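Following: one structure in structure tokens, then a few remarks.
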Amino acid sequence: QVQLVESGGGLVQAAGSLRLSCAASGRTFSSYAMGWFRQAPGKEREFVASINGSGGSRAYAGSVKGRFTISRDNAKNTVSLQMNSLKPEDTAVYYCAAVARFWWASRPDYWGHGTQVTVSS
């Protein structure tokens, strides 16, 4: 069982930056692929970014590529999402997710409770 707790959300102006963090419980963090999803009001939850267990492989949604960076620190059991050049359409609840395998899979096994990101124009 893995528990995920997100932090770092908030209100930011367009073109600004935010860094989200996700702390994971458990002793085998490096065996889990990690990812971020988001859900805007009235929309379905969508994939944002993922990273494999070692941090050597990353993937991004087209809408955030070049602006967001996912990273992980296996010594601290954390995964982060650095978000730059934020746009109002990035406003959403952001969720941390974990896959119980080294490589990312499209259906996470664990979810955090989410953190709100609001980008004002």
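Treat the numbers as computed from the prediction; the structure is a model and nothing was measured. Throughout, numbering of the chain's residues begins at 1 and tracks the sequence.
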[X] vs [Y] side-chain heavy atoms within contact, under 4.5 Å:
X: T91; Y: Q116; answer: yes
X: T69; Y: R58; answer: yes
X: C96; Y: W36; answer: yes

So which heavy atom on [X] is nearest to which on [Y], and how close?
X: M34; Y: C22; value: CE-SG, 4.4 Å
X: F37; Y: S106; value: CZ-O, 4.4 Å
X: Q1; Y: S25; value: O-OG, 4.2 Å
X: A98; Y: L4; value: N-CD1, 3.8 Å
X: G35; Y: W104; value: N-CZ3, 3.4 Å
X: V12; Y: L86; value: CG1-CD1, 3.6 Å

Taking [X] for its side chain and [Y] for its backbone only, find out whether a donor-acceptor pair lies under 3.5 Å.
X: Y60; Y: I70; value: yes
X: T78; Y: A23; value: no
X: N74; Y: G53; value: yes
X: E6; Y: H113; value: yes
X: R67; Y: S85; value: yes
X: N52; Y: S57; value: yes

Partners passing salt bridge (charged side-chain N to carboxylate O under 4.0 Å, His left out) against R19 (at least two apart in sequence or in another chain) | none

Value rounded to 0.5 Å, distance of [atom1] in [X] from [atom2] in [Y]:
X: S21; Y: Q82; atom1: OG; atom2: CD; answer: 9.5 Å
X: Q13; Y: S121; atom1: CD; atom2: OG; answer: 9.5 Å
X: N77; Y: T28; atom1: CG; atom2: OG1; answer: 8.5 Å
X: L18; Y: D90; atom1: CG; atom2: CG; answer: 10.0 Å

Connected via hydrophobic side-chain network under 4.5 Å: F47 and V99 = yes

Do V48 and V119 sit in the same hydrophobic cluster, where Ile, Leu, Val, Met, Phe, Trp and Tyr count as joined when their side-chain heavy atoms come under 4.5 Å apart?
-> yes

Option passing side-chain contact (heavy atoms from CB on, under 4.5 Å) with R38 (candidates V117, V64, V93, L20) | V64

Does atom CD of Q3 have more than 12 heavy-atom neighbours, drawn from other residues, nucleotides or ligands, at distances under 6.0 Å?
-> no

With under 30° as parallel and over 60° as perpendicular, where do the rings of Y94 and F68 fit, or are they tilted in between?
-> tilted

